[in-house]
Engineer: 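Structure incoming, see below.
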Amino acid sequence: GNWSTPRPLDESVNTAYDEGTPSLTPDFNKMYFTRCRTSRRNKLGCEIMMSERREQGWLSPEVIPISADSMVVAHPSISHDELTLYFVSNMPGGFGGNDIWKVTRNSPSDNWGDPVNLGATINTRGNEMFPYIHSDGTLYFSSDGHPGMGGLDIYRATASKDGNGWNVENMRYPINSPADDFGIIFEKEREAGYFSSRRRDLGSRGGDNIYLFYLPEIIFNLIGDVKDDKTGRPLANANVQLVGSDGMIANAKTSTDGGFRFILTPNTDYVLIASR
């Protein structure tokens, strides 16, 4: 269907300051977001807030204490188990401008631990921003410091086999472009989602635009034929049975040229039985 008209969240979340980059828990009842405070003279820093949803709406948010008020602490992304919070900061101890950090805890009711920088594999002398932790453990982020197509590019980082680092790869075209590409998020059940971009194309309306992307579903076909084992000639009207490890059983008869076809389910083992 079509998207409804957007409306602001409650005044408990939105204030005279700047709020953005929300990240919600899987039950959609807790929201982490950025609030940047400004004065007439200068910016006073950014901090991460957390608000809980009740029947009456969003409650007054609480600050997640991570760093000094003058620092930038922004762009939260909460893990699926709610035990790791990824974020962006320019606090001391980083590698460049804005780095990606994390804080962890042992249970959702515990306090957060000390911030940990994600290291030189993720962070560069440039800016790393907009982290998004997928439910499968893959970390997505934007950077202008890694080799890319230009401006901010979106990167995918998977944990190394020894668990002590990350393997980082550029998501390439068509996700990335010569303009800034950032803020990627994914849907829960399929390889699809949204990201922001400043690219110029027929659908853009100036400034930052939101784009939808998806990976088309792959359909697996098994195509074969049945032949006489003595003459090598094709056998029409042979019975072919397909038995899958998922319990599925399918039957087919070969065509005049001995051919048959089945549609397969991914991650399933099969046995074929042919008779005539």
Engineer: Any sub-3.5 Å donor-acceptor pair from Ser142's side-chain atoms to Asp181's backbone N or O?
Structural biologist: yes
Engineer: Determine the minimum heavy-atom distance between Pro131 and Ser77, stating which atoms define it.
Structural biologist: O-CB, 3.4 Å
Engineer: Could you go through Glu19 and Arg35, starting from their C-alpha distance and side-chain angles, then the distance that decides it, and tell me whether this counts as salt bridge (charged side-chain N to carboxylate O under 4.0 Å, His left out)?
Structural biologist: CA-CA 5 Å; Glu19 285 85 23; Arg35 176 174 290 166; 2.8 Å; yes
Engineer: Hey, what do you get for OH (Tyr214) to CZ (Arg190), rounding to the nearest 0.5 Å?
Structural biologist: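 CZ of Arg190 is found 8.5 Å from OH of Tyr214.
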Engineer: Would you compute the distance between atom NZ of Lys227 and atom CG of Asp257 and round it to the nearest 0.5 angstrom?
Structural biologist: 10.5 Å
Engineer: Of all heavy-atom pairs between Gly145 and Ser143, which one has the smallest distance, and what is that distance?
Structural biologist: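 Shortest heavy-atom contact: N-OG, 2.9 Å.
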Engineer: Between Asn167 and Ser160, does any side-chain donor sit less than 3.5 Å from a side-chain acceptor?
Structural biologist: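 There is no such pair between these side chains.
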Engineer: In the single-linkage hydrophobic clustering (I, L, V, M, F, W, Y; side-chain heavy atoms under 4.5 Å), do Leu9 and Leu24 co-cluster?
Structural biologist: yes
Engineer: Any link between Phe186 and Ile133 through a network of hydrophobic side chains (Ile, Leu, Val, Met, Phe, Trp, Tyr) touching at under 4.5 Å?
Structural biologist: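 Different clusters.
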Engineer: Using a 3.5 Å distance criterion without hydrogens, assess whether the side chain of Thr84 forms a donor-acceptor pair with backbone atoms of Ser79.
Structural biologist: no
Engineer: With the side chain counted from C-beta on, respond yes when His80 and Asp136 share a heavy-atom pair under 4.5 Å apart, and no when they do not.
Structural biologist: no
Engineer: Do the side chain of His146 and the main chain of Ile154 share a donor and acceptor less than 3.5 angstrom apart?
Structural biologist: no
Engineer: Return yes when atom CD of Glu169 has more than 12 non-hydrogen atoms of other residues, nucleotides or ligands closer than 6.0 Å, and no otherwise.
Structural biologist: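 Yes - once you tally the heavy atoms of other residues, nucleotides and ligands closer than 6.0 Å, there are more than 12.
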Engineer: Does Cys36 offer a backbone N or O that forms a donor-acceptor pair with the side chain of Asp18 under 3.5 Å?
Structural biologist: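 Side chain of Asp18 to backbone of Cys36: no pair is present.
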Engineer: Quick one: are Ser197 and Asp208 in side-chain contact, heavy atoms under 4.5 Å?
Structural biologist: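 Answer no - side chains too far apart.
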Engineer: Does any N or O in the side chain of Asn209 come within less than 3.5 Å of the main-chain N or O of Arg205, such that one atom is a donor and the other an acceptor?
Structural biologist: yes
Engineer: Would you please classify the geometry between the Tyr155 ring and the Phe141 ring as parallel, tilted or perpendicular, with 30° and 60° separating the classes?
Structural biologist: parallel
Engineer: Hydrophobic cluster membership, with links at side-chain heavy-atom distances under 4.5 Å among I/L/V/M/F/W/Y: are Ile184 and Trp166 in one?
Structural biologist: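 No, because Ile184 and Trp166 fall into different hydrophobic clusters, even though each may have its own neighbours under 4.5 Å.
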Engineer: What's the separation between atom CD1 in Ile100 and atom CD1 in Ile122, rounded to the nearest 0.5 Å?
Structural biologist: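 Output value for this atom pair is 6.5 Å.
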Engineer: Do other residues, nucleotides or ligands put more than 12 heavy atoms under 6.0 Å from Leu212 CG?
Structural biologist: yes
Engineer: Counting only heavy atoms not in Asp114, do more than 12 sit closer than 6.0 Å to its CG atom?
Structural biologist: no
Engineer: Is a side-chain N or O of Ser12 found less than 3.5 angstrom from the main chain of Trp58, in a donor-acceptor match?
Structural biologist: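 Present.
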Engineer: Would you say Leu242 ends up clustered with Phe220 if hydrophobic residues are merged whenever their side chains have heavy atoms under 4.5 Å apart, either directly or through other cluster members?
Structural biologist: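 Yes; Leu242 is reachable from Phe220 via cluster members.
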Engineer: Consider only side-chain heavy atoms of I, L, V, M, F, W and Y, link residues closer than 4.5 Å, and tell whether Trp3 and Ile185 are in one cluster.
Structural biologist: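 Trp3 and Ile185: one cluster.
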Engineer: What do you reckon, is CZ of Arg200 surrounded by more than 12 foreign heavy atoms closer than 6.0 Å?
Structural biologist: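 Buried by this count: over 12 neighbours within 6.0 Å.
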Engineer: Can you see which heavy atom on Phe260 is nearest to which on Asp225, and at what distance?
Structural biologist: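 Looking at all heavy atoms of both residues, the shortest contact is CE2-N, 3.5 Å.
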Engineer: Do the ring planes of Phe195 and Tyr211 sit parallel (below 30°), tilted (30 to 60°) or perpendicular (above 60°)?
Structural biologist: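 Rings of Phe195 and Tyr211: parallel, as their planes differ by under 30°.
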Engineer: Which of parallel (below 30°), tilted (30 to 60°) and perpendicular (above 60°) describes His75 and Phe130?
Structural biologist: parallel
Engineer: To the closest 0.5 Å, what do you measure between OG (Ser89) and NZ (Lys102)?
Structural biologist: 16.0 Å
Engineer: Look at the side chain of Asp180 and the backbone N and O of Leu152, then say whether any donor-acceptor pair between them is shorter than 3.5 Å.
Structural biologist: yes
Engineer: What verdict does the side-chain contact (heavy atoms from CB on, under 4.5 Å) test give for Val243 and Gln241, after you've listed the backbone C-alpha separation in whole Å, the side-chain angles of each residue and the deciding distance to 0.1 Å?
Structural biologist: CA-CA 7 Å; Val243 181; Gln241 186 176 70; 3.9 Å; yes
Engineer: Could you tabulate the donor-acceptor pairs under 3.5 Å formed by side-chain atoms of residues 268-276, not counting sequence neighbours?
Structural biologist:
{"from": "Thr268", "atom 1": "OG1", "to": "Thr265", "atom 2": "O", "distance (Å)": "3.2"}
{"from": "Thr268", "atom 1": "OG1", "to": "Pro266", "atom 2": "O", "distance (Å)": "3.1"}
{"from": "Tyr270", "atom 1": "OH", "to": "Thr265", "atom 2": "N", "distance (Å)": "2.8"}
{"from": "Arg276", "atom 1": "NH1", "to": "Ala236", "atom 2": "O", "distance (Å)": "2.9"}

Engineer: Does Asn90 reach the main-chain N or O of Val72 with its side chain, forming a donor-acceptor pair under 3.5 Å?
Structural biologist: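 Yes; judged by distance alone, with no hydrogens or angles, the pair exists.
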Engineer: Taking atom CZ of Arg105 as the centre, report whether more than 12 heavy atoms of other residues, nucleotides or ligands fall under 6.0 Å from it.
Structural biologist: yes
Engineer: Flag yes if more than 12 heavy atoms outside Ile223 fall under 6.0 Å of its CD1 atom; otherwise flag no.
Structural biologist: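 It does: Ile223 CD1 has more than 12 such atoms within range.
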Engineer: Which atoms form the tightest heavy-atom contact between Arg53 and Asp27, and what is the distance?
Structural biologist: NH2-O, 4.4 Å
Engineer: Report the distance from atom CE of Met171 to atom CE of Met149, rounding to the nearest 0.5 Å.
Structural biologist: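 Spacing of CE (Met171) from CE (Met149) equals 12.5 Å.
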Engineer: Quick check: are there more than 12 heavy atoms from other residues, nucleotides or ligands sitting under 6.0 Å from CG of Asn267?
Structural biologist: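 Incorrect, the count does not exceed 12.
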Engineer: Is it true that, when you exclude Glu11 itself, more than 12 heavy atoms of the residues, nucleotides or ligands shown sit nearer than 6.0 Å to its CD?
Structural biologist: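 Result for CD/Glu11: open.
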Engineer: Inspect the contact between Glu47 and Arg37 and indicate whether a charged nitrogen and a carboxylate oxygen are less than 4.0 angstrom apart.
Structural biologist: yes
Engineer: Of the non-hydrogen atoms in Ser23 and Pro76, which two are nearest, and what is the gap between them?
Structural biologist: CB-O, 3.3 Å
Engineer: In the hydrophobic clustering (ILVMFWY, side-chain contacts below 4.5 Å, transitive), which residues join Ile48, or is it alone?
Structural biologist: Tyr32, Met50, Ile64, Ile66, Met71, Val73, Ile78, Leu85, Phe87, Met91, Trp101, Val103, Trp112
Engineer: Please check: side-chain N/O of Asp144 versus main-chain N/O of Asn127, any donor-acceptor pairing under 3.5 Å?
Structural biologist: yes
Engineer: Which value, rounded to the nearest 0.5 Å, describes the distance between Ser51 atom OG and Asn29 atom CG?
Structural biologist: 10.5 Å
Engineer: Could you tell me whether the side chain of Thr21 and the main chain of Phe33 form a donor-acceptor pair under 3.5 Å?
Structural biologist: no
Engineer: Assess the residue pair Leu118 and Leu139 against the criterion (side-chain contact (heavy atoms from CB on, under 4.5 Å)); give the C-alpha distance rounded to whole Å, side-chain angles, the decisive distance to 0.1 Å, and a yes or no.
Structural biologist: CA-CA 11 Å; Leu118 292 195; Leu139 178 67; 3.6 Å; yes
Engineer: Show the nearest heavy-atom pair for residues Lys253 and Asn237, with the distance to one decimal.
Structural biologist: NZ-O, 3.9 Å
